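Notes follow once the structure below has been shown.
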Amino acid sequence: LGVEPENARALGRIQDWEDELLGVTGHWVEEGERCATKHETACPFADLATEEPRICTELVHHLESETFRTLNPGYRLVPLDRLLSKGASHCEFRHELGPRK
């Protein structure tokens, strides 16, 4: 993948790739080495997830967490609370890495 597992924003390139594949748009509002935050402003699945928010809060969160944790065991995705499917202006993905070893 050519992704630096000790850099949160570099790991975020995987999310960029997924978003492009799925038709999700957004932008990075924080691009640090240990923490990076992306605001997704449009998602073709938001209306569907309005009926069942666990699609995002559980399924998407778990898929993202396990994908990134495989590359960096100290990775953490903050729970997905701000979501388009819950009426927010964007979905917020905050990627955090523990201290370097």
Side-chain angles (χ1 to χ4, degrees):
L1 295 172
V3 173
E4 172 54 50
E6 288 295 326
N7 183 298
R9 179 57 185 97
L11 281 172
R13 289 186 7 230
I14 296 169
Q15 184 176 359
D16 292 338
W17 177 78
E18 292 171 340
D19 288 351
E20 185 176 329
L21 189 68
L22 297 170
V24 174
T25 59
H27 57 277
W28 292 91
V29 296
E30 180 180 7
E31 299 188 52
E33 185 175 310
R34 307 311 296 164
C35 182
T37 304
K38 186 171 189 178
H39 288 179
E40 295 183 344
T41 53
C43 174
F45 307 102
D47 288 341
L48 173 65
T50 299
E51 298 297 320
E52 185 50 81
R54 291 182 305 164
I55 291 170
C56 302
T57 61
E58 294 180 26
L59 180 63
V60 171
H61 188 274
H62 187 73
L63 289 170
E64 292 287 325
S65 293
E66 292 307 311
T67 298
F68 286 74
R69 202 174 295 132
T70 297
L71 298 169
N72 183 319
Y75 170 81
R76 175 180 181 259
L77 176 61
V78 172
L80 302 176
D81 293 323
R82 179 173 288 167
L83 297 166
L84 291 165
S85 60
K86 291 184 174 183
S89 61
H90 61 272
C91 296
E92 183 170 293
F93 285 77
R94 182 173 172 86
H95 305 274
E96 299 177 345
L97 298 181
R100 284 188 183 271
K101 294 181 180 180

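Note that the coordinates shown come from a computational prediction; the quantities given were computed from them, not determined experimentally.
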Within the 4.5 Å heavy-atom criterion, are [X] and [Y] side-chain neighbours or not?
X	Y	value
Lys86	Thr50	no
Glu30	Cys35	yes
Arg76	Val78	yes
Glu6	Arg34	yes
Asp19	Thr25	no
His62	Glu58	no
Leu11	Leu97	yes

Practice prompt. Please identify each residue that fulfils ring-ring contact (aromatic ring centres under 6.0 Å, His included) with Tyr75, with sequence neighbours left out.
Written response: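 Tyr75 satisfies ring-ring contact (aromatic ring centres under 6.0 Å, His included) with Phe68, His95 once adjacent residues are dropped.
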Worksheet item: Do Glu92 and Lys38 meet the salt-bridge criterion of a basic N to acidic O distance under 4.0 Å?
Response: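 Answer for the salt bridge query: no.
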Worksheet item: Does the distance from a Lys or Arg side-chain N to an Asp or Glu carboxylate O, for Asp81 and Arg94, drop under 4.0 Å?
Response: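 Looking at Arg94 together with Asp81, the answer is no, because their closest N to O distance does not fall below 4.0 Å.
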Discussion item. Hydrophobic clusters here meaning ILVMFWY residues chained together by side-chain heavy-atom distances under 4.5 Å, can you tell me if Trp28 and Trp17 are in one?
Written reply: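 Hydrophobic grouping puts Trp28 apart from Trp17.
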Worksheet entry | Residues clustered with Leu59, ILVMFWY side-chain links under 4.5 angstrom |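 Leu59 clusters with Leu63.
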Worksheet entry | Side-chain hydrophobic cluster, 4.5 Å single linkage: members besides Phe45 |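 Taking Ile, Leu, Val, Met, Phe, Trp and Tyr as members, Phe45 shares its hydrophobic cluster with Leu22, Val24.
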How many angstroms lie between [atom1] in [X] and [atom2] in [Y], if you round to the nearest 0.5 Å?
X	Y	atom1	atom2	result
Arg54	Ser85	CZ	OG	12.5 Å
Glu4	Arg9	CD	CZ	14.0 Å
Asn72	Asn7	CG	CG	10.0 Å
Ser89	Leu83	OG	CG	11.0 Å
Phe93	Gln15	CZ	CD	5.0 Å
Leu77	His61	CG	NE2	4.0 Å

Practice prompt. Please report the closest heavy-atom contact between Ala49 and Cys56, naming both atoms and the distance.
Written response: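 Where Ala49 meets Cys56 most closely, the heavy atoms are CB-SG, 3.7 Å.
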Fill in: Residue pair Cys43 / Leu84: nearest heavy atoms and the distance that separates them
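The pair with the smallest heavy-atom distance is N-CD1, 3.8 Å.
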